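Proteins get letters first, then strands, A, B, ... in listed order; numbering begins at 1 in each. Small disclaimer: the values here were computed from a predicted structure and weren't measured. Note that these values count all heavy atoms, side chains included, but never hydrogens, waters or copies made by symmetry.
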2 protein chains.
Amino acid sequence: MADIRLNTEQRHKAIVQAATPLFARKGFAGTTTKDIAAAAGVSEALLYKHFPSKQAIYKEILQSCCKTGDPILARVHELEASTSTLVHVIYILMHRLVLGGGATHPDWETRHRLMLNSLLEDGEFAMLVFDRVMELTYPTFQASMKAAEEAGDFVDGPGAPINRFWFVHHLGAILAYVRLPKKPLPHEGAIQEVVAQACWFVLRGIGLRDEAIKAHFNPKALALLQL
Amino acid sequence: MADIRLNTEQRHKAIVQAATPLFARKGFAGTTTKDIAAAAGVSEALLYKHFPSKQAIYKEILQSCCKTGDPILARVHELEASTSTLVHVIYILMHRLVLGGGATHPDWETRHRLMLNSLLEDGEFAMLVFDRVMELTYPTFQASMKAAEEAGDFVDGPGAPINRFWFVHHLGAILAYVRLPKKPLPHEGAIQEVVAQACWFVLRGIGLRDEAIKAHFNPKALALLQL
DNA sequence: GTCTATAGTAGGATAGAC
DNA sequence: GTCTATCCTACTATAGAC
């Protein structure tokens, strides 16, 4: 069945890779070991040489998948704190959440599905992903909010800055989630438009002044970058 | 097994009611007919006298559950369009999404879970729920945005009003979703606080001026109403 | 209207050969 | 390292009695 012989580590990885989209699409209960074996191109027996149980495969997927961060998001920390950076970080975050990573990181859909499954289960994976997202982007986000305030572009509001950060992330996330079924959705206009509107919405929401948004937010130019 | 004999209609309803939280919690694949029968207090055989298949039970649950609207939301249309109404509608919507309906409508958690499952499946149920929410609350929301604009409390922004409505709803929804696992979450502060901050965030987001929010949004007073 | 009993299948996991 | 064959349990669904 297996096309070629792989060493233990390679086969182990291959099984995880093959199983990931299955668990993402059909959930833990809906995925059978038969499915996994077929997707991995091996016999069911071989699965059990590498993993003690189906549960163990799932656990390992959640472990490994929450660690891999989007390569673009990983570089956000390089940006200097400013109003402009605040606008761009938010655009990047929203854009990648909703539109995915294109060629550089095509697997956002899988991650979104694993997130939803996790929220229906124990939420463990979701927590780890939240930690990761925060680690990658919040320092720059927070510093840029502060910079924007000092520049007079920002009006503070009630509540912790971290909560505002999560509101931004949450909106991007749920826009992605409601698009998972490939059905017509309540939103009006093309998805790029909706994302741009959502960015404007959250920029206002965190407290950026309309003039600052107008000055720094150029969604059409950003869209050309196809990031 | 069955405590008492019910007529066809009653038993039918009882099965649906018993099965609903099971499908919500464990998804379609994770719920067994044995579970359903036990929860309904009947034999598995009896399920099949009322429904041709497990799938049929699930379908009927999704059909019936998307029709029942929250009784408070159903009365939103009675409110007159104004800035104040805009603020209150948003608070009511967010509050009920996140904190649930208390005694009047305790089953928000089940609905949230069915929503997440639907987004992982074909999204049909999600669409129907979206329609229902929009039907109940959007007319008042839209009219109040217009009234707020005429009162000078509101600065219009880019994009269709309906999208801003959905951004509001989405944020409330996802705050509820991330709370489904009873785990500590990224947000800072008590959940009532977070909801109040989220309301402020979306009020800004749709374009309400800070002065108008300050004038009309009194979360502590609203919280006392325990609505 | 409801049950017990059971058919038939699919699921997770293992034994043992190569 | 990989497979075929198999075990046993759990699952969906039905038959037939009360």
Side-chain angles (χ1 to χ4, degrees), chain A residues 1-64 113-114 117 120-122, chain B residues 1-64 113-114 117 120-122:
Chain A
M1 233 174 156
D3 296 345
I4 47 168
R5 284 190 159 221
L6 302 180
N7 67 29
T8 300
E9 193 190 349
Q10 289 171 321
R11 181 63 74 197
H12 191 93
K13 259 189 176 170
I15 292 171
V16 167
Q17 280 208 324
T20 300
L22 298 181
F23 282 122
R25 282 207 162 269
K26 308 199 284 181
F28 179 77
T31 303
T32 69
T33 50
K34 192 174 181 176
D35 292 339
I36 298 171
V42 298
S43 67
E44 289 187 65
L46 193 55
L47 298 181
Y48 289 93
K49 301 289 183 188
H50 290 272
F51 301 89
S53 68
K54 177 177 133 177
Q55 184 75 45
I57 305 179
Y58 189 54
K59 288 248 176 81
E60 176 157 334
I61 286 171
L62 297 188
Q63 275 299 319
S64 74
R113 289 184 180 277
L114 291 177
N117 277 299
L120 286 166
E121 295 159 8
D122 63 5
Chain B
M1 233 174 156
D3 297 344
I4 48 168
R5 286 191 156 217
L6 302 179
N7 67 30
T8 300
E9 193 189 350
Q10 289 171 321
R11 181 63 72 197
H12 191 92
K13 259 189 176 169
I15 291 170
V16 167
Q17 280 208 323
T20 300
L22 297 180
F23 282 122
R25 281 208 164 268
K26 308 199 284 180
F28 179 77
T31 303
T32 69
T33 50
K34 192 174 180 174
D35 292 339
I36 299 171
V42 297
S43 67
E44 289 188 64
L46 194 56
L47 299 181
Y48 289 93
K49 301 288 183 188
H50 291 272
F51 301 90
S53 67
K54 176 178 133 177
Q55 183 74 46
I57 304 178
Y58 188 56
K59 287 248 176 81
E60 178 159 332
I61 285 171
L62 296 187
Q63 274 299 318
S64 74
R113 289 184 181 275
L114 291 176
N117 277 300
L120 287 165
E121 296 159 8
D122 63 4

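- For D:dG1, one of the phosphate oxygens OP1 or OP2 lies less than 4.0 angstrom from a side-chain nitrogen or oxygen of A:T8.
- We find that CD of B:Q10 is positioned 10 Å from P of C:dG1, with the value rounded to whole Å.
- When distances are taken from the side chain of B:V42 to each of D:dT4, D:dT12, C:dC3, the shortest belongs to C:dC3.
- The side chain of B:K34 has D:dC11 as its nearest neighbour among D:dC11, D:dT2, C:dA15.
- For the pair A:K49 and D:dG1, the criterion of a side-chain N or O lying under 4.0 Å from OP1 or OP2 is not met.
- Here D:dC3 presents its C1' atom at 10 Å from CZ of A:R5, a figure rounded to the nearest Å.
- Here the side chain of B:T31 pairs a donor or acceptor atom with the backbone of B:L22 at under 3.5 angstrom.
- Closest to the side chain of A:A2, out of D:dT12, C:dC3, D:dC3, is D:dC3.
- We find that CG of A:L47 is positioned 13 Å from C1' of C:dT14, with the value rounded to whole Å.
- A donor-acceptor pair under 3.5 Å links the side-chain atoms of A:N117 to the main chain of A:R113, judged by distance alone.
- Rounded to an integer number of Å, the gap from CD1 of A:I36 to P of C:dA13 is 10 Å.
- Look at B:Y48 and you'll find a side-chain N or O under 4.0 angstrom from OP1 or OP2 of D:dA13.
- When the side-chain nitrogen and oxygen atoms of A:K54 are compared with OP1 and OP2 of C:dG12, one or more of them lie within a distance under 4.0 Å.
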Next on the checklist: Walk me through whether B:Y58 and B:Q63 qualify under side chain to side chain donor-acceptor pair (under 3.5 Å).
Outcome noted: CA-CA 9 Å; B:Y58 188 56; B:Q63 274 299 318; over 6 Å; no

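- Scanning atom types as modelled, no donor and acceptor separated by under 3.5 angstrom connect the side chain of A:R11 and the base of D:dG1.
- The backbone N or O of A:S43 lies less than 3.5 Å from no partner atom in the side chain of A:K34, so there is not a single donor-acceptor pair.
- For the pair B:Q10 (side chain) and B:N7 (backbone), a donor-acceptor distance under 3.5 Å is present.
- Note on A:S43: every side-chain N or O is 4.0 Å or more away from OP1 and OP2 of D:dT2.
- In this structure, A:I57 atom CD1 and C:dG12 atom P are separated by 10 Å, rounded to whole Å.
- We find that CG of A:D35 is positioned 7 Å from P of C:dG11, with the value rounded to whole Å.
- Counting only heavy atoms from C-beta on, B:H50 has its side chain closest to C:dT2 among C:dG11, D:dC3, C:dT2.
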